[in-house]
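First the structure, in the form of structure tokens, and then the observations on it.
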Amino acid sequence: MIERLDNEDINTYALRLYDNKVEYGLNSESIAELLNKETGKNFGESAWRKRFRSFKQGMEYQKSLNISDSDELAALEEKKREIIAERDRLSMVRREYNTAIKKKSRQEIFYENIAQTISTLEVPDFQITDIEDMSDTDYVLTLADIHAGSFFDIGTNAYSYDICTQRFETLLSKTISFIADNRIAHMNVLCLSDTVQGILRKSDLKLNESSVVEATVYISKTIAKFLNGISRYVVVDYYHCPTGNHTQLRNLGSDRNELKDEDVEFIIGNYINDTLVNNPNVVVHTNFGKDYIEFDVLGHNVIGMHGHTIHNVGTAIKDISFHNRRFYDVLFLAHYHGGASAVNGANINHDIETFIVPSFIGTCPYSDGLMKSSNPACMIYTFKEKCGVVDTHKILIKESD
């Protein structure tokens, strides 16, 4: 259509004619006639053609400006997004750092408040007589799954604070007898966590004899008293596993291991250390911030952990060695409430072994419901310098024993 449209001004009309002159069958002269007719002018075709060329150049220039502005705006928007992303990243890092600092400070303040009420135990007289040369032999006594505060009677087993106290007295007596019989002067004591019953599940509220706080204080004093007792006869290195599952606080309905650093084992380990601070015959070792504790026994790399995070006991020592980039000779696990052992490999002198240690509490309503029963016991493992673990001694601690 060569006629001017109702919504076209003269410039738009001229632009359409020149851009489509071949299609419309027009030339410069016929276009000039149409434009003169529309405007009432009498310009030659040259004048209209130059005016059209200038108008089109102006349009192209403006278009280029718009494109440039668009590119600059896009670049600015991209920069803005980068700045916002970096600000959010830094904010997240600061938030996580502050959370970690607050969590650590909260633990320390909580413990410091408890520490103010701790009274130290009187150091016993050191009585070591008739000792053999023990340079090539050492011992590891295990405590595991004490579950202090649990209260029940299922016929085959019962538990309470009083029973727990009696069992520690039995353990102390039998350990002293073992020390005397073997004429030894040093012992490693390894506590593999779940020292209190806690409130892992709602059913635990029915089992608890008292609050978790009271159980925490009770078991801290009880273990310290036991260590103080055997330190009359041997020098003790005490290793406290830093985490368990029953000792997790699980605040605000958190899931298992979600707040794993919120663990009362932190309090118990520190409490024991402060209670025995004046006893030079007991050295307390902790590894807070990890879920394991490792130590050396006559050149053998030993690692102990509660075991609730282990998915495959058969490959656990290999998996942990790979994860920690360190080869372990012996792995001690608790959590399963029953004794067992497995050889996972061997070197030229000794086996690579995993030991699942028995529980202090014995069969409880939960394990009884799963038809898994075991008598309460502790173990003493005898290490030889070149042979690793060469003997195991079970100490039954039930009241009738």
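Side chains included, hydrogens not; waters and symmetry mates left out as well; all remaining heavy atoms used.
Checked by atom type, the side-chain pair Asn312/Asp319 shows no donor-acceptor distance below 3.5 Å. Counted by atom type alone, Asp162 and Thr165 present zero donor-acceptor pairs between their side chains at under 3.5 Å. Under the 3.5 Å distance criterion, with hydrogens and angles disregarded, no donor-acceptor pair is assigned to the side chains of Asp291 and Thr243. Of the N and O atoms on the side chains of Asp138 and His186, at least one donor lies less than 3.5 Å from an acceptor on the other residue. Checked by atom type, the side-chain pair His335/Asp145 shows no donor-acceptor distance below 3.5 Å. Between the side chains of Thr363 and Asn157, no donor-acceptor pair is found at a separation under 3.5 Å. Side-chain polar atoms of Asn273 and His240 form no donor-acceptor pair below 3.5 angstrom.
Taken from OG1 in Thr170 to CG in Leu396, the straight-line distance is 10.5 Å, to the nearest 0.5 Å.
None of Cys241, Pro242, Ser193 except one satisfies the side chain to side chain contact (heavy atoms under 4.5 Å, CB included) rule with Glu265; the exception is Ser193. Screening Tyr328, Phe332, Phe383, Tyr239 for a ring-ring contact (aromatic ring centres under 6.0 Å, His included) involving Phe295 leaves a single residue, Tyr239.
Checked against the 6.0 Å centroid threshold, Tyr159 and His147 do not count as a close aromatic pair.
For Asn347, the side-chain hydrogen bond (donor to acceptor under 3.5 Å, both in side chains) criterion is met by His350, not counting sequence neighbours. Under the rule for a side-chain hydrogen bond (donor to acceptor under 3.5 Å, both in side chains), Tyr381 has no partner lying at least two apart in sequence or in another chain.
Proximity of a side-chain donor or acceptor of Asn344 to a complementary backbone N or O of Gly314 within less than 3.5 Å is detected.
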